[in-house]
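In what follows, chains are A, B, ... by sequence order, proteins preceding strands, each numbered from 1. It should be emphasised that the depicted structure is a prediction, and the values quoted were computed from it without experimental measurement. These numbers come from the heavy atoms of this one structure, side chains and all, not from hydrogens, waters or symmetry mates.
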2 protein chains.
Amino acid sequence: MTLDLPKGRAPSIRDVARLAGVSHQTVSRVLNDHPSIRDSTKAKVLQVMEDLQYRPNRAARALSRGRSRTIGLLSAESAYGPASSIAAIQDAAQEAGYYVNTANLTNVDPESIEAALDHLMNQSVEGIVVIAPQVRVFDVLEQLSIDVPFVTLSSRGLLNDNSLSVDQMTGARQATRHLIDLGHRQIYHLAGPQDWIEAEARMRGFLDEMWEKDVPTMAPILGDWTADFGYHAGRELLRMRDFTAIFASNDQMALGFMHACREAGLVLPRDMSIVGFDDIPEAAHFWPPLTTVRQDFAELGRRCIALLLSSLSDGAPSERPEPIVPQLVVRGSTAPPLF
Amino acid sequence: MTLDLPKGRAPSIRDVARLAGVSHQTVSRVLNDHPSIRDSTKAKVLQVMEDLQYRPNRAARALSRGRSRTIGLLSAESAYGPASSIAAIQDAAQEAGYYVNTANLTNVDPESIEAALDHLMNQSVEGIVVIAPQVRVFDVLEQLSIDVPFVTLSSRGLLNDNSLSVDQMTGARQATRHLIDLGHRQIYHLAGPQDWIEAEARMRGFLDEMWEKDVPTMAPILGDWTADFGYHAGRELLRMRDFTAIFASNDQMALGFMHACREAGLVLPRDMSIVGFDDIPEAAHFWPPLTTVRQDFAELGRRCIALLLSSLSDGAPSERPEPIVPQLVVRGSTAPPLF
DNA sequence: TGCTCGTATGTGCACGGTCACAATTGTGAT
DNA sequence: ATCACAATTGTGACCGTGCACATACGAGCA
């Protein structure tokens, strides 16, 4: 004759306590793995929990402990990279017992950014991961003087020093050097939007390498990450064939550019060498397979959470993690210039 | 002489109440836009809130109301489609005042699924969106007899009738018909993993159309959605050139297959017609630009939330929404067979 | 004036956990 | 048996908000 009282609502810790013949506090101790609980008591309580299909109420726990165990993710899901880091972030957070709440950024006007941040703050997140590394986002973050720790994937460590990144500059230099070593001297750079910190870093890497190798530089084209842009930019650029190679700031733009090349009758890579950035899974199957710079987004996401969690617990961030060095992957889209 | 007491902790409604010279309940009423509050009182309270930088405590609110205003998102971020629906889902939910918590599924073994669901349930989500439409996920959902409403993006409406989908079958039939109309008779289908409901629906669409048009069918190849698979499958298939067209269940596999074709020296689309599925933004820039079936993932995501929210408030789902009909986009990768 | 009614506000408790502290039980040495 | 002390368990308050109900105020009407 098991009498379960919980009529309408979900069973609470006190319901469990009553049925197990203990106090609610003892149940709480079982929940939190308190050391001094007799095994027999623990077993009894666990049994009742099982019977009642008891689930701790997260809100209550958060309220009394004053900790939400939730982290906010501010994302501008526009490129491939972020998408694959996000999964890693969520996994890592979940493993650490945290919940992840995501807010998307469709526009980058300050109001949207503020609204998204507000949404996150309203839910008492303990920390924020920013995966929309646009300059403006940081400005807003700075102005609002957010009082929770936050980490970002950007490459320059403003604020907090809580930033983490693939070393974009080095990657871009590798790509550029590869083209120069092949003998190219007229090289364009198809850059990303300049309010993206990563785009800026890649561009700077390109310019630095060109300058160091003493190759005359052509003004970078500012794009928007999309294949469409790469295509249209390509159609424009190819009117004057005053270059033999191009370094695109991501693989999508590289793909669009290749499309334009072929429409213009160029044979790749004979007439034009192309390097991308990111190494999306499809890049190996472009035609020709794309030479590009591989970033380990998943690793990035994991480290990101690690950094945030450490700054959540210790207060101070742990020792500065090594930047992840990206890797040039040479495939078929690059060759020496015709002459 | 503004005396703010809140020393360590964040200000609560009682702090606001005290400083505004009203009761905590009045503050609560202001928060919830209760009709009968004098404008002057409301203004006063709002002012104090502003001064104190007051933010309502979500946990407390959830606790006392018994509603978390959170929905869970169970996702298996493997294909392109989901990624772009997710953003739409989050936006729509946010607009409706809900928070979205995401759990990722890396494996599809029952334990992982259960763990992910558990994670979501533990945080008292009010509803769940399943965006990992694999058969097993449903089995687990069924077994666990989850007691919160859930919606899914699949195409067959098991359980709850809370499913929503692009009409995959129709899309697949359109693609197949296009190839048949061009004159192809030996057509392969590169299917997705069979535990994916969508993969199954697309395959069935293919088979149905072939059967109806009385074209002899060749056994579908079961793939895994990746471009890599498309490539390797292509290398195998092309040893025997016993077909003139292929319908791939997504664009990535189509891309990999194109890669294999070119390696084998085929000229596209002269020697081989290819149709994909999804219309990822890059598809228009493949070489040749890919004929494919466009799905409106964003719309799907929005409807998904609409459906879930209605079943959250009304209890019963609103009238069954129309399935979204996908659209065939004919580009350069299809042509009549050589003969 | 006394009564009713609607608007505006206050009071006290409940929600489901955790915390600090008190109380009880068990153990071993004397 | 007695005591000190550790191990185990219980008691009550509290976290911040919303709800049900009570109260105060003012207007309209007999």
[X] [atom1] to [N] [atom2]: how many Å, rounded?
X	N	atom1	atom2	answer
Arg67(A)	dG16(D)	CZ	P	16 Å
Gln25(B)	dT9(C)	CD	P	12 Å
Arg14(B)	dT9(C)	CZ	P	18 Å
Arg69(A)	dG17(C)	CZ	C1'	15 Å
His34(A)	dA20(C)	NE2	P	12 Å
Lys42(A)	dT8(D)	NZ	P	11 Å
Asp15(B)	dG16(D)	CG	C1'	10 Å
Asn32(A)	dG16(C)	CG	P	17 Å

Nucleotide nearest [X] (side chain, heavy atoms from C-beta), chosen from [options]:
X	options	result
Ser36(B)	dG10(D), dG16(C), dA8(C)	dA8(C)
Arg29(A)	dT9(D), dG10(C), dG17(C)	dT9(D)
Arg38(B)	dT9(D), dT18(C), dT9(C)	dT9(C)

Would you check, one step at a time, whether the test side-chain contact (heavy atoms from CB on, under 4.5 Å) holds for Ile37(B) with Thr26(B)? CA-CA 8 Å; Ile37(B) 288 274; Thr26(B) 300; 4.0 Å; yes

Could you tell me whether Arg58(B) sits above the aromatic face of Tyr99(B), with NZ or CZ closer than 6.0 angstrom to the six-membered ring centre and within 45 degrees of the axis?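 Arg58(B) over Tyr99(B) ring: yes.
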
Of [options], the residue whose pairing with [X] passes side-chain contact (heavy atoms from CB on, under 4.5 Å):
X	options	value
Asn104(B)	Ile89(A), Val100(A), Asp91(A)	Asp91(A)
Asp51(B)	Gln53(B), Gln47(B), Met49(B)	Gln47(B)
Thr102(B)	Thr102(A), Leu73(A), Ile86(A)	Thr102(A)

Close approaches to DNA chain C from residues 56-66 of chain B, in residue order (heavy atom, under 4.0 Å):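 DNA chain C contact set from residues 56-66 of chain B: Leu63(B), Ser64(B).
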
Criterion side-chain contact (heavy atoms from CB on, under 4.5 Å) on Met121(A) and Ile128(A), from CA distance to verdict: CA-CA 9 Å; Met121(A) 292 303 292; Ile128(A) 293 185; 4.1 Å; yes

Does [X] reach a base, just sugar-phosphate, or nothing at all? Heavy atoms under 4.0 Å.
X	result
Val27(A)	nothing
Thr26(B)	sugar-phosphate
His24(B)	base

Under 4.0 Å from OP1 or OP2 of dT18(C): is there any side-chain N or O of Ser28(A) that close?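 Answer yes for this pair, as a side-chain N or O of Ser28(A) is under 4.0 Å from OP1 or OP2.
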
Thinking salt bridges, do Asp15(A) and Arg18(A) make one under a 4.0 Å N-O criterion?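 Yes, Asp15(A) and Arg18(A) are salt-bridged.
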
